[in-house]
Protein chains: 2
Amino acid sequence: MKFTINRNQFINQINNVQRAISAKTTIPILTGMKLVATDKGLLVTGSDVDISVQNLIEQQDADNDLTIESTGAIVLPARFFNDIIKKLPGEQFTLEIIENNQTLITSGNSEFTLNGLDANNYPHLPEVETNDQLTISAEILHQLVSETVFSASTQENRPILTGLHLKISGNELLAVATDSHRLAQRKVTITNQNQNEYDLVIPAKSLTELVRSFSDRDQDVKISISENQILFEFSNTLFYSRLLEGNYPATDRLIPNESTTQLEFDAKSLLASVERASLLAHASRNNVVRLVIEVATKKAIIYGNSPEVGTVEEVLQPTNISGEDLEISFNPDYLKDALRAFGDTKIQLEFTAALHPFTLKPISNAENFIQLITPVRTF
Amino acid sequence: MKFTINRNQFINQINNVQRAISAKTTIPILTGMKLVATDKGLLVTGSDVDISVQNLIEQQDADNDLTIESTGAIVLPARFFNDIIKKLPGEQFTLEIIENNQTLITSGNSEFTLNGLDANNYPHLPEVETNDQLTISAEILHQLVSETVFSASTQENRPILTGLHLKISGNELLAVATDSHRLAQRKVTITNQNQNEYDLVIPAKSLTELVRSFSDRDQDVKISISENQILFEFSNTLFYSRLLEGNYPATDRLIPNESTTQLEFDAKSLLASVERASLLAHASRNNVVRLVIEVATKKAIIYGNSPEVGTVEEVLQPTNISGEDLEISFNPDYLKDALRAFGDTKIQLEFTAALHPFTLKPISNAENFIQLITPVRTF
């Protein structure tokens, strides 16, 4: 194997692959990056078992300045290889296998010899049938993930909750994440050519990594699903993730149908208030803020306190307030995450009782996006 | 005590004070920031015992928008106080001691009550006689420190080496830092009104913090020195540091007077080559690169290797080469630090033997700036 390539193009195009590779893996060859030179171009692969990413650097793309003198394959130590390529002096570099998997990398006056591994020992990529594909725009997928994924659990005691639950029926996709203290649910419309139904749970970490890989959100992502794997195709990238096994808990019944107290806010202004209140809540062991709603006087006040440091209170600025008086306590971090997901928009908060979950919805899209937070008992 | 002040001005002006305060101190009151409201303005103090910083926020400066309704003093928990001020909603805030050192901070609809401490229990600032002062521009002081301080030791086994040694005689200031493996020495001209002689060792950490505090390098810094303290005055800031006790080792005799091999380089291009060579040196346990100089062929080649990962070699681009052939091994990180301190300039490397220290000097200022690196025995 021997090829020459534009260095910056190479760096940009292995970025996604590099991120899939973990230094912590227990399978030594997976600390490496697999390079395969073919007639079409250079296939670059990285994997941490859960996620595998393969990128094709095309010979026909003139920007790559890719000349393949001979085909072949090698696995190189990913961290060093990456550091070396980034620091090489020339605009291009040449990579050549010399003998015993030793690989010579030259650029300008610099000459590196890296100890590679036999590419035949690299695990095969998962097999996923690509006959039935769904199509979602990268933009929608990015939005869907960033609006829900923070509610997934980061604890491994209930592994299924570390994933995002996707239910696809017709052209409707429903995404739910919950760590059992809070929940985010989002509905979007997709193109489902064969109208197949799907019910699957994708690790939240995979999705976070996936949407980070979109260099361009103005493109379609093709999705193929098998028994225990999902494949996302976009640009010249194949992004595989394992699926989580097991049944996701039923979450429909958690979302209340009616409410007794309603507040409307600008999400950004409420976020600023909660951030202030949480400063002192964080200093205390239980990390709780208290919201007191007095409908008659149209007042909503948030309180935080830490016995050691002090107290905070702030009169909130709801744009509307209705229903019954209420006093409710909750973890301010859940509310902050929820409000950040809404961005700069008007939202509605709906409460039923001091110990019942409350919901947040964007006023303009209340049927498609809902967040739920379970309060904390403080007495 | 009660005052109202512009929030952003306050944040900017307590920045230096905040950085002097350490959360790790064993003296609880030093986790606090001392605020004293006087007729002139607001005196803000922070200290970690080694460094103490005091800033005067002047009432007469209209930008501060400072109104002092009543004078007084308080010590507030620095980290929380800082976080709170940064997140307050209003352009201004009001701070008032209510009772038992409880302090009320209000801004917009936000109201914080912080548990303060009695300012009478805050340690006094060191006493430093300010009759005999030296004057150095902030620019020169910044340069002097960044060109030398990285060579000071970070190990506490020889505390004196964690400092920068300053010798002032007439209008000449000589600064030396060494961790016993490498050394940096810089000479500059200063204004020493009384022509007093000084010989002192300032903790490197204090100096790094000091030069970070210069919001403006185009100003004079007045320096006063006492038995065990040094005081730097600039803008509205007093910056105190303790001095290190003990005798600094004699370093003059370490610097060789003659050399047998000489190389000239662009510092930046040599730095890039050493960075590449060090990639593999870092992967190996001994972290050493080898430089081979062949004067007849005008060649200098740098080698790095890690038995596990691979090897690197690079033909360097000296702009001049003279003297005798040489092969020498050293820690590439010392050379990288030295080259970064030179910036973008032409430098001279001078060697005497494989096991003797070698020196680096900027060609345009060789008598005032010298760095020395001790090689490593590899056989």
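The shown structure was predicted, so the numbers you read here are calculated from the model rather than taken from an experiment. These numbers come from the heavy atoms of this one structure, side chains and all, not from hydrogens, waters or symmetry mates. Sequence lines set the chain letters: A, B, ... in the order given, protein chains first and strands last, and positions in each chain run from 1.
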So which bits of residues 276-296 of chain B come within less than 4.5 Å of chain A, counting non-hydrogen atoms only?
B:Arg276, B:Leu279, B:Leu280, B:Ala283

Evaluate whether atom NZ of A:Lys268 has more than 12 neighbouring non-hydrogen atoms of other residues, nucleotides or ligands under 6.0 angstrom away.
no

Near A:Arg7 CZ, under 6.0 Å, is it more than 12 heavy atoms from other residues, nucleotides or ligands?
yes

Would you list the pairs meeting side-chain hydrogen bond (donor to acceptor under 3.5 Å, both in side chains) in which at least one residue belongs to residues 18-33 of chain B, sequence neighbours left out?
B:Arg19-B:Glu209

Between A:Leu114, A:Ile302, A:Leu76, which shows the greatest number of heavy-atom pairs under 4.5 Å with chain B?
A:Leu114

If the contact rule is any heavy atom under 4.5 Å from chain A, which residues of residues 306-316 of chain B qualify, in numerical order?
B:Pro307, B:Glu308, B:Val309, B:Gly310, B:Thr311, B:Val312, B:Glu313, B:Glu314, B:Val315

Taking non-hydrogen atoms and a cut-off under 4.5 angstrom, which of residues 83-101 of chain B neighbour chain A?
B:Asp83, B:Ile84, B:Lys87, B:Leu88, B:Pro89

Max heavy-atom pairs within cutoff under 4.5 Å with chain A, candidates B:Thr113, B:Asn305, B:Ile301, goes to B:Thr113

